[in-house]
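Input: a single structure, listed below in structure tokens.
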Amino acid sequence: MADDKDVLRDVWFGRIPTCFTLYQDEITEREAEPFYLLLPRVSYLTLVTDKVKKHFLKVMKAEDVEEMWFDFEGTPLKWHYPIGLLFDLHASNTALPWSITVHFKNFPERDLLHCPSNSVIEAHFMSSIKEADALKHKSQVINDMQKKDHKQLWMGLQNDKFDQFWAMNRKLMEYPTEEGGFRYIPFRIYLVNELMGIPRIHDSDEIPSKR
Amino acid sequence: MSDNAESLTETQKDEPSTPQQPTEDSGTADEKKKIDVLLKAVGDTPIMKTKKWSVEKGRTVQSLSQFISRFLKMEANEQLFIYVNQSFSPSPDQEVGVLFECFGSDGKLVLHYCKSQAWG
């Protein structure tokens, strides 16, 4: 694990320069300037865009503001996919900065999950971690961790604290050889539907690890 | 995301598949397109009269959740939590067929449902 630390840090600190532009049909009191932000690849849109919301709310009336959501070239962006994944799926062939459109109306119910608070993001994140550990260790490692350890995982992600996060995550990523290693290696493979450019989860493949 | 909560097929009934599907022999096409789901109530959540269901692989967790809520005649403001392996909540847009492939056992996918967070 120690040898991989450089790789782990590079993955964690990956950033995507992004330009947020308000959707042209949103009602504003004066013109909205675009907002620029470096987005962490490993995080979630709704977790890291409070500044974006604050910026655009300055030029809007409260009654014209509903739940914020984002689109890229007309495709609503699923907040529950990690940011790096969204970029790789939708925009990897386009020039930087990544241009995202911001909406405060007409939430696309059929395409997006609602995200009323950070606790929803936390629940989704922790469920993903638990699902992965169910495959890796039959949930033994995650279940042996205390609630405060789970909280530390989440806080590490939320506050962009690499050491805090990995102090706990390394337990989930260890595969003791005397116990045969990971039972299965969890993968999620996303295929882009070439016809319509719509990404979907093809499979949560499990790969039995070598003994 | 919202889905229409269409009805599911009960496994016990000896019905032929829906009229739109072509007839198959020994239901082999059915076996490929549908999976068996066993629904288990947690705590004091009402128990469904029918627990075993045959569900299309492409059906989402959210769609199934809406079906259960309607079946139990739950209020619009009541939440339903779905769990796999009594440990995690799958993403609402996850397809049940994928969950079955990863977490199914004895030819079925066991899902626990609860009105409150059970294994949060």
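Residue numbers start from 1 in every chain, and the chains themselves are labelled A, B, ... in the order their sequence lines are given, proteins ahead of strands. Everything numeric in this text was worked out from a predicted model, so none of it was measured.
The contact between S89(B) and chain A is made by backbone and side chain atoms together, counting heavy-atom distances below 4.5 Å.
Partners of E78(B) by salt bridge (Lys or Arg N to Asp or Glu O under 4.0 Å), not counting sequence neighbours, listed by chain and number: K115(B). Taking the salt bridge (Lys or Arg N to Asp or Glu O under 4.0 Å) definition, one finds that K171(A) meets it with D149(A), sequence neighbours left out.
Counting heavy atoms of neighbouring residues, nucleotides and ligands inside a 6.0 Å radius, atom CG of N93(A) does not exceed 12 of them. Residue K108(B) places its NZ atom among more than 12 non-hydrogen atoms of other residues, nucleotides or ligands, all under 6.0 Å distant. More than 12 heavy-atom neighbours from other residues, nucleotides or ligands sit within 6.0 angstrom of NZ on K105(A).
Note that the CG atom of D93(B) and the NZ atom of K78(A) stand 6.0 Å from one another [nearest 0.5 Å]. Atom CD of Q94(B) is separated from atom CZ of R188(A) by 5.5 Å, given to the nearest 0.5 angstrom.
Contact record, H124(A) with S91(B): CE1-OG, 4.2 Å, taken as the closest heavy-atom pair. The minimum heavy-atom distance between S127(A) and F88(B), with the atom names listed, is O-CB, 3.6 Å.
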Residues E131(A), L99(B); criterion side-chain contact (heavy atoms from CB on, under 4.5 Å); working and verdict: CA-CA 10 Å; E131(A) 183 172 3; L99(B) 287 175; 4.1 Å; yes
